[in-house]
Q: 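One structure follows; several queries about it will come next.
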Amino acid sequence: MPASRKRNKGKERKAKKAKNARSMMHTIWSSMLASACDHGCAAIPVIGHPVSNFMNDYYMPLILEDSVVSGTGLVKSFRTCPEVWKDDSYREMLVDVLIGIGTNMLLFDVNESGPNFKALRVASVILILEEYGKTKDINLALIGRDTSSKRRILAPGVSSNERDVLKFYRKRVSCKCLKRMHLDAKKIIPKMGKCFNCNDERERVNLSFCSRCMISQYCSRECQVAHWPEHEELCDYASQVHHQSDCISGAIKSIQHRIKHHHRR
Ligand SMILES: [Zn+2]
Ligand SMILES: [Zn+2]
Ligand SMILES: [Zn+2]
């Protein structure tokens with residue numbers, strides 16, 4: 001066999017292997033969407049669809065590795081699958097797929113006790129994608145626009161609990177699948193948080209947030225003061241980003257206002 005034909009055979013084998021790996025990954029994550037209810041989310045994208053490509057490459061790291069949620073993996077996906085970020089319909093479809101998967105994790109993943117960390121990681125990625133949709137800026141999306149409410153609850157490293165995660169998904173599905181679980185959780189699980197300095201877990205009503213960044217939380221004034229040298233950098237960055245994204249959302253609002261006004265005339 002001539003060398004060039006041998007090379008081609010090698011290439012073919014490689015391509016076949018890659019194709020098999022792709023279809024296996026597709027089976028793994030799409031099986032997570034198979035349940036009696038689709039929770040009002042979009043149909044499963046076919047193999048070769050940009051959303052499928054994202055899921056094939058990032059689904060496993062997304063549910064298993066913190067690095068994806070903390071940003072490095074997602075920044076990479078911004079390079080390797082730019083269309084799922086930049087095309088609104090692809091991004092929305094991806095969010096739908098992730099909502100469906102996270103919801104099924106909560107409904108059927110009974111091995112986890114306490115907060116379902118896989119569903120929590122998926123939720124963090126959903127938030128980042130949603131925020132990207134608002135600001136179209138990956139850095140703003142990663143640090144999070146809404147640190148004041150959802151983000152500080154769901155941000156990695158921040159103590160979270162089942163009822164927050166249930167609420168997050170329940171708000172995003174059009175069915176009633178999570179209603180019972182969420183109501184039960186609200187009855188028996190208090191809202192929990194964790195002091196960033198002493199790591200003490202306690203009910204959220206007994207913690208105060210840093211009023212500047214609204215991210216870190218403390219059990220006492222002493223803990224807040226003691227944590228400041230470590231916290232300062234993040235606090236500066238987060239409050240800057242809040243300011244920037246406030247300016248952006250202000251600009252968007254004024255444009256929307258002008259459009260509305262224009263249509264009325
Ligand atoms: Zn449902
Ligand atoms: Zn403390
Ligand atoms: Zn702060």
Side-chain angles (χ1 to χ4, degrees), residues 29-44 92-93 95-110 116 118-119 122-123 126 140 142-162 165-185 190-246:
W29 61 259
S30 58
S31 72
M32 280 304 294
L33 283 163
S35 77
C37 177
D38 66 3
H39 314 303
C41 300
I44 300 169
E92 281 157 22
M93 188 192 237
V95 166
D96 261 9
V97 165
L98 294 173
I99 289 171
I101 287 176
T103 302
N104 285 335
M105 282 171 172
L106 291 172
L107 289 170
F108 306 115
D109 213 347
V110 286
N116 185 316
K118 283 187 208 151
V122 174
I126 294 170
L140 285 181
L142 284 172
I143 188 91
R145 160 80 187 97
D146 272 336
T147 35
S148 55
S149 57
K150 341 176 248 201
R151 210 44 197 286
R152 74 185 178 202
I153 293 163
L154 290 162
V158 177
S159 176
S160 305
N161 68 44
E162 221 173 333
V165 184
L166 281 164
K167 183 179 170 193
F168 177 90
Y169 284 102
R170 188 184 163 197
K171 262 173 57 186
R172 285 168 174 74
V173 294
S174 60
C175 59
K176 300 218 177 322
C177 289
L178 291 172
K179 188 178 173 188
R180 186 77 266 152
M181 272 177 94
H182 180 224
L183 292 180
D184 287 347
K191 288 184 186 171
M192 295 298 289
K194 194 183 203 175
C195 175
F196 273 46
N197 186 53
C198 66
N199 280 329
D200 206 17
E201 289 232 21
R202 50 178 76 199
E203 288 191 31
R204 216 178 294 151
V205 285
N206 299 321
L207 291 164
S208 341
F209 285 90
C210 170
S211 58
R212 201 158 156 260
C213 64
M214 295 305 280
I215 294 175
S216 61
Q217 35 188 323
Y218 301 101
C219 68
S220 62
R221 175 86 193 134
E222 287 72 41
C223 269
Q224 180 167 15
V225 172
H227 193 244
W228 179 247
E230 198 186 315
H231 173 59
E232 188 174 4
E233 201 183 334
L234 169 76
C235 195
D236 281 349
Y237 185 57
S239 46
Q240 253 174 39
V241 167
H242 287 328
H243 178 72
Q244 269 179 39
S245 67
D246 279 341

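Just follow the structure's listing: the first ligand is 1, and inside any ligand the first atom is 1.
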Q: With the Zn ion (ligand 1) at the apex, how many degrees lie between SG of C175 and SG of C177, rounded to 10 degrees?
A: 110°
Q: Of all N, O or S atoms in H39, identify the one at the shortest distance from the Zn ion (ligand 1).
A: ND1
Q: Within a reach of under 6.0 Å around CD of E230, are more than 12 heavy atoms found that belong to other residues, nucleotides or ligands?
A: no
Q: Specify the closest pair of heavy atoms between Y169 and L106, including all atoms of both residues, with the distance to one decimal.
A: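 Nearest heavy atoms, Y169 then L106: CD1-CD1, 3.4 Å.
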Q: Tell me the angle that SG of C219 and SG of C198 form around the Zn ion (ligand 2), rounded to 10°.
A: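 Reported to 10°, the angle equals 110°.
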Q: So which atom in N104 and which in A34 form the shortest heavy-atom distance, rounded to 0.1 Å?
A: ND2-N, 4.4 Å
Q: To the nearest 10 degrees, could you say what angle the Zn ion (ligand 3) makes with SG of C210 and SG of C235?
A: 110°
Q: Before moving on, can you tell me the angle at the Zn ion (ligand 2) between the SG atom of C195 and the SG atom of C223, to the nearest 10 degrees?
A: 110°
Q: Please confirm whether Y218 and H227 have ring centers closer than 6.0 angstrom.
A: yes
Q: Checking side-chain polar atoms at under 3.5 Å, does T103 have a donor or acceptor matched by the opposite partner on H39?
A: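 Judged by distance alone, the side chains do not pair up.
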